[in-house]
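This report concerns only the one structure given below.
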Amino acid sequence: MTNSHQSTIDGVVADDDSLESYNWTFEKSDTQYLTHGLHNYPARMIPKIPDTLLGHYKQTGVIEEGDLVYDPFSGSGTTAVEGRLHGLNAEGNDINPFAVMLSEAKAIPLERGGLSEARDALVDGLSEDLREVREAYDESGEVEWLEMPDVRDGWFPEPQLHELTALRDRIDSVEDEFGEAYARFFRIVLSHTTRKVSYQRNGEYKRYRLAEEDRADHNPDVEAIFTKKLKQNMEKMRDYSNRVDHDLDTTIHYSDSRTAVEDVGENQADIVITSPPYGDHQTTVAYGQFSQDPALLTGKVTYDEMKDVDKTGLGGRYDVLEPLSELEEYSPTLKATLDTLREKDGRSDDAMDFFRDYYAVMEQVGEITKSGQPVAWVVANRTMSRVNIPTHLITRELCEHLGYEFNVNLPREIPNKTLPWENAPENVEGTKGDLMANENIVILRAP
Ligand SMILES: C[S@@+](CC[C@H](N)C(=O)[O-])C[C@H]1O[C@@H](n2cnc3c(N)ncnc32)[C@H](O)[C@@H]1O
């Protein structure tokens with residue numbers, strides 16, 4: 001292997017090649033420790049990846065405490081949480097407003113005392129409140145003092161939807177008294193509760209409903225689900241809060257990473273660790289669909305904001321960038337892949353849209369990151385029209401065109417992401433193809 005950057009710390013010479021000695025699959029590793037377990041999210045990055053990378057680069061003197069880790073696709077904030085655990089400030093972007101809220105809720109520590117007081121204020125009198133709501137609903141089919149959220153009809157048992165709405169209002173009152181950070185923490189618990197209460201089938205990454213005949217049996221206890229999750233999340237937050245430096249900063253921008261320099265600035269980041277979306281919301285992961293109703297119940301996100309998330313994601317239909325015809329000249333692997341798709345009359349335009357958007361982010365990240373510092377892209381190799389897309393090679397080649405210097409590629413299997421394991425590319429029931437089974441961590445040094 002050539003091109004390894006070498007650095008010396010305490011007289012020990014280390015280089016990025018030693019990263020290859022780890023087993024990056026991290027099979028059976030806990031993905032729910034500390035605040036990582038506050039709420040699920042599709043296609044979460046396994047926390048061990050940023051943990052191991054940050055540990056390695058600290059040990060080799062490439063980064064140090066007080067530095068900034070940046071993630072252009074923050075998602076649920078895995079990089080930001082690990083960043084703070086390693087003594088780093090964190091910054092990120094996401095176009096899903098729920099992801100922004102979740103990242104901040106997980107990465108920004110809350111004071112133990114304040115948390116207990118805010119919790120007491122929230123749960124004091126809760127049972128009576130919910131009982132009143134239930135009685136009013138049972139009597140007249142509505143609860144006149146509640147302004148109902150804009151969720152889709154037919155996705156919730158109605159009495160429970162009213163109770164969830166009453167909880168939302170209680171959290172708003174907590175915000176007035178204790179501030180946004182505490183309210184945000186409770187909203188994440190409410191979002192979890194909302195998902196459990198809805199007719200959404202468990203474990204589905206898209207919005208599939210319980211069969212009609214099963215809905216009558218679905219009679220969840222809102223208060224019990226909420227208070228159980230609240231207790232669990234408080235324990236996680238207390239542990240996290242004890243372990244981290246409260247003076248560090250976490251900033252997650254609710255904006256498109258294709259223009260992230262506007263938010264973050266040039267030459268700011270000391271390291272980047274990110275897992276980009278897969279660029280195909282039809283057959284893979286619909287981040288917006290996943291969080292739409294729970295996000296609406298938080299009261300902080302609007303229907304208009306949520307409905308566009310999947311369309312504005314990389315390769316989406318909105319805010320389309322200028323065509324970039326030379327793109328395939330920058331990456332021989334991209335060209336070969338697009339040619340194969342064209343021959344098969346496959347979806348070369350979709351693939352092109354995705355890589356054009358992805359390239360825009362690589363460009364921005366190159367400017368945001370200090371020259372020579374590591375940028376790790378955790379990418380899955382997916383298929384489109386049954387053609388394998390070697391995203392790791394395309395990532396490397398496009399970055400090299402932008403002046404990044406390639407370091408190392410670390411392959412791994414995906415043991416436990418919430419993903420469609422096997423899925424027909426055409427979405428035809430009964431036909432199954434391997435959609436994603438492994439990933440690569442592509443590490444380059446910023447231009
Ligand atoms: C694979 S997920 C990231 C998961 C994250 N690493 C975690 O551990 O939770 C990709 C994220 O990119 C976001 N995204 C898609 N297109 C984006 C864009 N143009 N700008 C910013 N974020 C975007 C999606 O909303 C999604 O949250």
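Both ligands and their constituent atoms are indexed starting at 1 by order of listing.
With sequence neighbours excluded, the residues forming a ring pair (Phe, Tyr, Trp, His ring centres under 6.0 Å) with H36 are Y33, listed by chain and number. Looking at residues two or more places apart in sequence or on another chain, you find a ring pair (Phe, Tyr, Trp, His ring centres under 6.0 Å) between Y358 and F354, W377.
Residue contact check: P72 has heavy atoms under 4.0 Å from atoms 21 (C), 22 (N) of ligand 1. Proximity to S76 (heavy-atom distance under 4.0 Å) selects the following atoms of ligand 1: 7 (C), 8 (O), 9 (O). Interface atoms of ligand 1 facing N96, defined by a heavy-atom separation under 4.0 Å, are 25 (O). The contact set between ligand 1 and T78, taken as ligand atoms under 4.0 Å from a residue heavy atom, comprises 7 (C), 8 (O), 9 (O). Of all atoms in ligand 1, numbered sequentially from 1 with element shown, those under 4.0 Å from a heavy atom of S255 are 21 (C).
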(request) Kindly indicate, with the supporting measurements, whether the criterion side-chain contact (heavy atoms from CB on, under 4.5 Å) is fulfilled by Y359 and L402. (result) CA-CA 9 Å; Y359 182 76; L402 286 164; 3.3 Å; yes

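Distances shorter than 4.0 angstrom do not occur between any heavy atom of P47 and any atom of ligand 1. Proximity of S74 to ligand 1 is established by a heavy-atom distance of less than 4.0 Å. Heavy-atom separations between P276 and ligand 1 include at least one value shorter than 4.0 Å.
The proximity of Y41 to ligand 1, defined as any non-hydrogen pair under 4.0 Å, is limited to the side chain. No part of P42 comes within 4.0 Å of ligand 1, judged by heavy-atom distances.
At least one N/O-N/O distance between D94 and ligand 1 falls below 3.5 Å. At least one N or O atom of S257 sits closer than 3.5 Å to an N or O atom of ligand 1. The N/O atoms of S275, backbone and side chain alike, include one that comes under 3.5 Å of an N/O atom in ligand 1. Residue-to-ligand polar distances keep D71 apart from ligand 1: every N/O pair is separated by 3.5 Å or more.
Here the two rings, on F98 and H39, have centers that are under 6.0 Å apart.
Using a cut-off of 4.0 Å between Lys/Arg side-chain N and Asp/Glu carboxylate O, D239 and R112 are scored as not salt-bridged. The pair K58-E65 counts as a salt bridge, with a side-chain nitrogen and a carboxylate oxygen less than 4.0 angstrom apart.
The salt bridge (Lys or Arg N to Asp or Glu O under 4.0 Å) with K300 is formed by just one residue from the set E180, E175, E104; it is E175.
A donor-acceptor contact shorter than 3.5 Å is absent between the side chain of T79 and the backbone of D71.
Counting non-hydrogen atoms of neighbouring residues, nucleotides and ligands closer than 6.0 angstrom, the NZ atom of K236 exceeds 12 such neighbours.
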